[in-house]
Structures are given as structure tokens and as C-alpha cells.
Amino acid sequence: IILLFSNIVALIQGGKSSQNSLSFSKVLLNYIRSKEIQIVVLCTEEEWAIANEKDNDFINLLLPIALPKITLGQCLDLSIDFKRWAENRYNCAFHPLALKTLVDYVRNYAKHEALPGALFNRINSLAKKNKFNLITAKDAEDFLNTSNKSSFLSRAIHPSVFRDQLKKQLIGQNKAIDTLCNAYQLINAGFSNSEKPLGSFLFIGPTGVGKTQAAKLIAKLIHGNEDKLLRIDLNEYVGYDSVGRLIGSPIHGEGTLTRMVRNNPHGVLLLDEVEKANKNVINLLLQVLDDARLTDYKGKVVSFSNLIIVMSSNLGAKEAASMMGFTKSKSEMEGVYRKAVYSFFKPEFINRIDEVVIFNSLNFQNILQIAKLQMADLLLREGFVRRNSILSVEESALEWVAKRGYDDLMGGRGLKRQIEKDITALSAVELAKMDQLNAILLRVFLENDKLGVNIIPFKFSKVLKDTSALDSKNELTDIE
């Protein structure tokens, strides 16, 4: 009897529980020794190392045979024969550009998957999905975009558009914008290091100045959707078991980080408050930043090579806040933050980061600009959309709200809450008084240091179908 196993870690750990230490491998041990059965196990180097650590007695019964890695060129030669096999099996035909699309994907986006399996699996799946059809390059692109939940094959936005959008939506951070745009040019041109993440950044600055907003914008501009932002708050990973929670363990099951990245290999990974993480977590990040890969507790490799990694921190904010009231240049304030970063993190960690990006404190004019952007977001709320409404907030009223939401230490963090309290709540009260969902102009004004609301229903005009009935002035008939 010959048994074939494709998951050696599951073989060694399967069957164990808190009441039972007997695994499947223990059960097989005597049968293998007596040669009643023979087994063949398929595994990676990482899985072999984990298995060796967990059950050395079982591993010693196996004869390891290392299969050499093949090059992409060798894989291409083999793929021609495999393509023909898939075409015969599924009664389909591959256009040459369809195969090229799959090869380009494997070369650029599946660098940590073994060849030829990385290519063969995709050829087989695409052929199976398109039985009795000619498979074009577009079919291959659609298949890859769907299977990877990302439109990474779509045309990237031009660097000038990237810069313009950042300037419009990331207020008061011109130097940070310059740094991010320079990094994006390298990524867009394909000059980033293929053995590392697409980009890695440490965002430093006081709270409420746009660090998280910048990460959201990068995800939205590059991938077309803010949902491509993967976020982990590292202030929740301070205990001794933090690494196990991130990459998985028999106790915690699948890891939060490895599961998130495995399911979303293309996007922006935001690691918030990185300075508060357990030291072992920081050591774990060294491997991610250096090799763009992690091995989970089951020995499965997770690739970070198609991610942009953003870490945020408030290091130096207390020191900078203590200097408020004294005349300090931006370069001097940046020096305070950089000193805090280099004092806290080890050089080997900082040297693996592409850019340390310093975010400035915001002044009142910056807060006022952000308030205007948030007014535009408010108009997208369902209550306004279903009424086809226009919101008009007078400048004096917006300044009054912005002043109430502005704090030197908290930046723009309190602004959104103040807008909700002053404008959103007031608008909701007034709109609730209306019986019908009529289109309206909702005007918010300031009077006697208090906000007021004036609702003006729209009047529409109906053009007469019989144009001969109109006089020379093209009169219209008004209807309420």
C-alpha cells in the first residue's frame, strides 16, 4: 500500500487535542516501520522544517528528495505541452496573448509561488472555465482579476494624476506628497525591488494630521477602492502571544496577518501604532520588509511582494507638543520626530524601510480646507441623495464649526465629530420635518453665534410639447 499526502504539517498535527496527543503520524509510525505501508509526502522546505521540529521520529523514517527549482525559461518550454494537454481536455484553444498574460502575471505577481505549478494551475483553471471557447488575452485578464479580487492588470494612473489627487485630498502635507509621488513613480515604472514589498513607509507625526487618510488615498488611487486598505492596529499586539496571533498557532488557529494578506495579495497594508507592538512583532516585520514573505504556523508561505506597507506612529509627538508656542521651523520640528524614531527603533529596522515620511501639524486654514472636503462627503449621505438636495454652508458658518473642531494637539481628529454634531444633526432635524422627499436647497448660516437652517424647495419647469404655443419669449409653465 502506498499513501500520498500533500500536507505534512496536517499529518503531524491532525488528531491532536487537549485530551489526546495521538496524531495521524503516530498512528502510521509502526505500520511504516514494519513496511506494511509506504508513504509519499509532498511538502515545501518550510513545511519540512516545521514537521521536523514537531515530530522528529516520524521525519527520520522519511527519505527526503529535493526537487531542484526550475527557471521561468524552463517553465515556458513545459507550459507549451501543458497548454496542449489542457486544450485537449477541455476542448478549448489558447490565443498566444492569453498565455503571455498568464506568464506575465506569474513573473510579476506570483514571485513566491513555485514553478511550474504557479503557471500550470492557472492554465488549467482558465481552460476549465472556458470550455469549447477560444481563450483571449481579455479572458485571461478577467480571470486573474476575479480570482485575485484586484484589478491589478488595469492601467495604472499616471503619476501626474496621482500627485494632483493627493494635493486635493491630503491637506497641508506637501513634503509628504512629494515623497509619496517619487515612490509611486518607481512602482509605476516597474523599478521597485522584486524581492521586497512594492513600497514600505513609516508615517510619523502628531495625531489627526492625515497619516491614515494618506494610506486610504494610496489604496484608492492605485487600486480604485479604499477597501484595498488592509488595517491592523498593532497596539492590540503587545502580549507574548502576539506573533502567534499574527501568523497563527495551534491555539489561535489561522493568523490575522497571514490570512488577511493571503486573501488580499494586492493592496495597501496599514500597521497602525507600530511602536506599541511587542518586540517579537517588530522582529517579524524585519522579515516582511526584507524578503516580502512570511511562513505561517502550517508552513505555508504568504507573499507580501504585491503590497505597499505603511506603518504609522506618533513617536516624537509629545516632544514636539512641548515646543509649541516657541518659534520653530519645519525642519527643526522634523528633526524632533526623526530623533525620536532613530532613538526608538533599531538601525536594522529603519534601514529596511524605503522612506520615513514626516507629517506636519495642521494650522487653522488647513482645517478649514478639510472641512470643505468633508462637506462634499456629507452630500453623499442617503438623506441628501434621495432628495436630490443641495447643501449650501455659508463661509462664516463653516469657519465657526471649524474653530470649534480645531485643536492644536489633536489636529483634524475632532473636526469630523464637530461637523456631525453641528451640521449633520441640525440638517437631520430640519429634514425630518418635511413630509415628502422633495428636492431642496438646504442653506446653513450663522446668526448671533448660532447656526440656522433655511430649507428652500425647488420649483421645476415643464417645457410644453407643442412649441407653437410658445410666444417669442419662450414662456414656460411653472409647476410646484
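Scanning for side chain to side chain contact (heavy atoms under 4.5 Å, CB included) contacts around K346 gives E348, with sequence neighbours left out. Legend: residues meeting side chain to side chain contact (heavy atoms under 4.5 Å, CB included) with N235, ordered by chain and number and at least two apart, are D233, E273, K276. Every residue meeting the side chain to side chain contact (heavy atoms under 4.5 Å, CB included) condition with K168, not counting sequence neighbours, appears here in chain and number order: Q165. For F345, the ring pair (Phe, Tyr, Trp, His ring centres under 6.0 Å) test picks out F349, with sequence neighbours left out. Every residue two or more places apart in sequence or in another chain was checked for a salt bridge (charged side-chain N to carboxylate O under 4.0 Å, His left out) with D354, and none qualifies. Judged as a ring pair (Phe, Tyr, Trp, His ring centres under 6.0 Å), and not counting sequence neighbours, the contacts of F162 are Y184. Here H252 pairs with D241, S249 under the side chain to side chain donor-acceptor pair (under 3.5 Å) rule; sequence neighbours left out. With sequence neighbours excluded, the residues satisfying side chain to side chain contact (heavy atoms under 4.5 Å, CB included) with L97 are H95, K100, A137. Residues forming a side chain to side chain donor-acceptor pair (under 3.5 Å) with D291 (at least two apart in sequence, or on another chain): none. Taking F203 as the reference, F359 meet the ring pair (Phe, Tyr, Trp, His ring centres under 6.0 Å) condition, with sequence neighbours excluded. For R381, the side chain to side chain donor-acceptor pair (under 3.5 Å) partners two or more places apart in sequence, or in a different chain, are E420. Applying the side chain to side chain donor-acceptor pair (under 3.5 Å) rule to S160 yields the partners H158; only residues at least two apart in sequence or on another chain are considered.
Side chain of N124 to backbone of N121: no donor-acceptor contact under 3.5 angstrom is found. Looking only at distances, a side-chain donor or acceptor of Q173 sits under 3.5 Å from a matching main-chain atom of N360. A donor-acceptor pair under 3.5 Å is formed between the side chain of N193 and the backbone N or O of E195. Here the side chain of S242 pairs a donor or acceptor atom with the backbone of G239 at under 3.5 angstrom. For N448 (side chain) and K450 (main-chain N/O), no donor-acceptor pair under 3.5 Å exists by modelled atom type. Between the side chain of N351 and the backbone N or O of P347, at least one donor-acceptor pair lies under 3.5 Å. Checked by atom type and distance alone, the side chain of S343 never pairs as donor or acceptor with a backbone atom of A340 at under 3.5 Å.
Expressed to the nearest 0.5 Å, how far CE of M260 lies from CG of L230 amounts to 6.0 Å. Here the straight-line distance linking atom NZ of K216 with atom CG of D227 works out to 10.5 Å at 0.5 Å rounding. Rounding to the nearest 0.5 Å places CZ of R122 at 13.0 Å from CG of L99. Interatomic distance, N174 CG to L166 CG, rounded to the nearest 0.5 Å: 11.0 Å. Interatomic distance, S312 OG to I204 CD1, rounded to the nearest 0.5 Å: 8.0 Å. Rounding to the nearest 0.5 Å places CZ of R338 at 9.5 Å from CG of L202.
Using a 4.5 Å heavy-atom cutoff, the side chains of I135 and K129 are not in contact. N283 places a side-chain heavy atom less than 4.5 Å from the side chain of L286. At least one side-chain heavy atom of K196 sits under 4.5 Å from a side-chain heavy atom of D290. The side-chain heavy atoms of E355 and N182, taken from C-beta on, include no pair separated by under 4.5 Å. Taking 4.5 Å as the limit, every side-chain heavy atom of K372 sits out of range of all side-chain heavy atoms of M375. Side chains of L76 and V103 form a contact here, defined as non-hydrogen atoms less than 4.5 Å apart. Looking at L307 and L198, their side chains never come closer than 4.5 Å, going by heavy atoms from C-beta outward.
Atom OH of Y342 has 12 or fewer heavy atoms from other residues, nucleotides or ligands within 6.0 Å. The 12-atom threshold is not exceeded at CD1 of I251, counting heavy atoms of other residues, nucleotides or ligands nearer than 6.0 Å. Within a 6.0 Å sphere centred on CD of E226, heavy atoms belonging to other residues, nucleotides or ligands number more than 12. Other residues, nucleotides and ligands contribute more than 12 heavy atoms inside 6.0 Å of the NZ atom of K83.
Between R443 and E430, none of the side-chain N atoms (NZ, or NE/NH1/NH2) sits under 4.0 Å from a carboxylate O, so this pair counts as no salt bridge. For the pair D178 and K175, the salt-bridge criterion is not met [side-chain N within less than 4.0 Å of a carboxylate O].
The minimum heavy-atom distance between Q185 and P159, with the atom names listed, is CG-CB, 3.8 Å. Contact record, A215 with V310: CB-CG1, 4.4 Å, taken as the closest heavy-atom pair. The nearest pair of heavy atoms linking L126 to N130 is O-ND2, 3.0 Å. Residue L362 comes nearest to G412 through the heavy atom pair CD1-N, 4.2 Å, listed as atom of the first residue, atom of the second, then distance. For the pair A98 and A140, the tightest heavy-atom approach, listed with the atom from each and the gap, is O-CB, 3.8 Å. The nearest pair of heavy atoms linking A176 to I358 is CB-O, 4.2 Å.
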- Item | V301 vs T44, side chain to side chain contact (heavy atoms under 4.5 Å, CB included): CA-CA, chis, key distance, verdict | CA-CA 9 Å; V301 176; T44 64; 5.6 Å; no

- Run the numbers on E46 and K300 for salt bridge (charged side-chain N to carboxylate O under 4.0 Å, His left out), then give the verdict. CA-CA 7 Å; E46 291 82 5; K300 301 295 184 181; over 6 Å; no

- Task: Under the side chain to side chain contact (heavy atoms under 4.5 Å, CB included) rule, what do R413 and D407 come out as? Steps first, then yes or no, please.
- Result: CA-CA 8 Å; R413 179 143 294 182; D407 184 285; over 6 Å; no

- What's the verdict on salt bridge (charged side-chain N to carboxylate O under 4.0 Å, His left out) for R107 and D104, showing C-alpha distance, side-chain angles and the deciding distance? CA-CA 5 Å; R107 183 176 65 245; D104 288 344; 2.8 Å; yes

- Item | Check against side chain to side chain contact (heavy atoms under 4.5 Å, CB included), I177 and L180 | CA-CA 5 Å; I177 289 173; L180 293 174; 5.8 Å; no

- Task: Test I353 against I309 for side chain to side chain contact (heavy atoms under 4.5 Å, CB included), laying out the working first.
- Result: CA-CA 9 Å; I353 300 169; I309 298 177; over 6 Å; no

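A side-chain N or O of S313 and one of E275 form a donor-acceptor pair less than 3.5 Å apart. Side-chain atoms of T136 and D139 form a donor-acceptor pair, as typed in the model, at a separation below 3.5 Å.
For the pair R245 and Y237, the cation-pi criterion (under 6.0 Å, within 45° of the ring axis) is fulfilled.
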